[in-house]
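The shown structure was predicted, so the numbers you read here are calculated from the model rather than taken from an experiment. A, B, ... follow the sequence lines: proteins, then strands. Residue 1 opens every chain.
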There are 2 protein chains.
Amino acid sequence: MPEDLHHLIAARLRDDGQRYTSGRRRLVEALDRSGRPLTAAEVLEDGELAQSSAYRNLSVLEGCGVVHRVSGADEFGRFELAEDLTEHHHHHLICTSCGSVADVTVAEDLERSLEAAMVEVASTTGFRPDHHRLDLLGRCASCL
Amino acid sequence: MPEDLHHLIAARLRDDGQRYTSGRRRLVEALDRSGRPLTAAEVLEDGELAQSSAYRNLSVLEGCGVVHRVSGADEFGRFELAEDLTEHHHHHLICTSCGSVADVTVAEDLERSLEAAMVEVASTTGFRPDHHRLDLLGRCASCL
DNA sequence: ATTTATGCAAATCGTTTGCAAACCT
DNA sequence: AGGTTTGCAAACGATTTGCATAAAT
């Protein structure tokens, strides 16, 4: 995992009056390693820290924009590194059978259409959109 | 609420070996009335039945494709009538401040692009998409 | 009459929180 | 030392479930 990413994250935490402890680093590394959103249980297992600390740290990291909370089709919350850290805008393939969540990117022009739709909605309704969330739901390869 | 919709729902329940009881009818009517996804608590209040029955019936209705479960930005599950019953394909405006969820429709050509993206993903990855979910997250008019 | 739905209260389970000990600066 | 983070165990809250009664067919 790139060292400058660690510095970026450390800075983001510092701006929020938070420390970049070893436990938090382990969490970030687990999320970076996986390439897909992880459930709290998965993070717990991989990050080697107590469950209360895992949840608390995920909360802190979310609060300062390092981690993003993702909701799939099941009851489990999932976590991933913020897109502006990974420089990798993506969407999710959600399996309605096993609940797994995988990353996917879509065509450039679809992204542009999505942006345009957000602008349109902003002008049409009183709602001010900040970002979008596109999920494709279906069956993953192992559940077909 | 149109009578033929009730018949359609009754048929869908019957196919699943389920009955269209008065409690279930009240639930369906509450969802139809609102025009946006309702939380279990809202359904409970409006539908006038015990919470266990509300949850159980929402589950049954979901199981036979009458009701659809929606996940917003908060911890509460939300429910709406299935799109193929309302004949109204739509997406959601999710307020990240108060958690409210409103319906919205987007331009025809965006929908076509979304369909195309699903086909593309299906051919590129081992994933077989069934439907898509597009949410615009931001601030609603009352939270601006 | 038999099967299914209801309501109450208790259980479940992911997540959150209180608190004392360990940690960082 | 002063404030923060950690881990354990207990609390929390939305949702689910067991069971006896009421309703539907």
- Query: With nearest nucleotides of DNA chain D determined for B:Tyr20 and B:Arg69 from heavy-atom distances, which residue corresponds to the more 5′ nucleotide?
  - Reply: B:Arg69
- Picking from D:dT16, C:dT17, D:dT17, which would you name as closest to the side chain of B:Ser52? D:dT17
- Note on the structure: Rounded to whole Å, CZ of B:Phe76 lies from C1' of C:dT15 at a distance of 13 Å
- Choosing from C:dC8, C:dT15, C:dT6, which nucleotide comes nearest the side chain of B:Arg24? C:dT6
- Integer-rounded Å distance: C:dT15 P and A:Leu49 CG: 15 Å
- Atom CG of B:Leu38 and atom P of D:dT15: how far apart are they, to the nearest Å? 13 Å
- Query: So does B:Tyr55 get a side-chain nitrogen or oxygen closer than 4.0 Å to the phosphate oxygens (OP1/OP2) of D:dT15?
  - Reply: yes
- Message: Quick check on C:dG7: is either OP1 or OP2 less than 4.0 Å from any side-chain nitrogen or oxygen of B:Ser53?
- Response: yes
- Between C:dT16, D:dT4, C:dT17, which nucleotide has the shortest distance from any of its atoms to the side chain of A:Arg19? D:dT4
- Query: Which part of the nucleic acid, if any, lies within reach of B:Ala40 when heavy atoms closer than 4.0 Å are counted: base, sugar-phosphate only, or nothing?
  - Reply: sugar-phosphate
- Which whole-number value in Å describes the distance from A:Arg25 CZ to D:dT6 P? 11 Å
- Do B:Asp46 and B:Arg26 sit within salt-bridge range, that is, some charged N less than 4.0 Å from a carboxylate O? no
- Would you mind telling me which residue lines up with the more 5' stretch of DNA chain C, B:Gln51 or B:Arg26, judged by nearest nucleotide? B:Arg26
- Query: Under 4.0 angstrom, heavy atoms only, what part of the nucleic acid is A:Thr21 near: base, sugar-phosphate, or nothing?
  - Reply: sugar-phosphate
- Query: What is the distance, rounded to the nearest whole Å, between atom CG of A:Leu13 and atom C1' of D:dT5?
  - Reply: 13 Å
- Ignoring hydrogens and angles, state whether a donor on the side chain of A:His89 or A:Glu111 is under 3.5 Å from an acceptor on the partner side chain. yes
- Query: Just how far, in rounded Å, is P of C:dT17 from CG of A:Asn57?
  - Reply: 14 Å
- Query: Atom CD of A:Glu75 and atom P of D:dT16: how far apart are they, to the nearest Å?
  - Reply: 8 Å
- Task: Report the C-alpha separation of A:Glu108 and A:Arg112 in whole Å, then their side-chain angles, then the decisive distance to 0.1 Å, and conclude whether the salt bridge (charged side-chain N to carboxylate O under 4.0 Å, His left out) test is met.
- Result: CA-CA 6 Å; A:Glu108 269 290 325; A:Arg112 272 194 294 275; 3.5 Å; yes
- In terms of the nearest nucleotide of DNA chain D, which residue is placed more toward the 5' end: B:Ser59 or A:Glu48? A:Glu48
- Query: Any N or O donor-acceptor pair linking the side chain of A:Arg56 to the base of C:dG18 at under 3.5 Å?
  - Reply: yes
- Note on the structure: Between CG of B:Leu58 and P of D:dT16 the distance, given in whole Å, is 9 Å
- Answer yes if the side chains of B:His131 and B:Glu83 hold a donor-acceptor pair under 3.5 Å, and no otherwise. no
- Message: With rounding to the nearest 0.5 angstrom, report the CZ to SG distance, A:Arg128 to B:Cys143.
- Response: 12.5 Å
- Would you classify B:Gln18 as touching base, sugar-phosphate or nothing, given that sugar-phosphate means primed atoms plus P, OP1 and OP2, and contacts are heavy atoms under 4.0 Å? sugar-phosphate
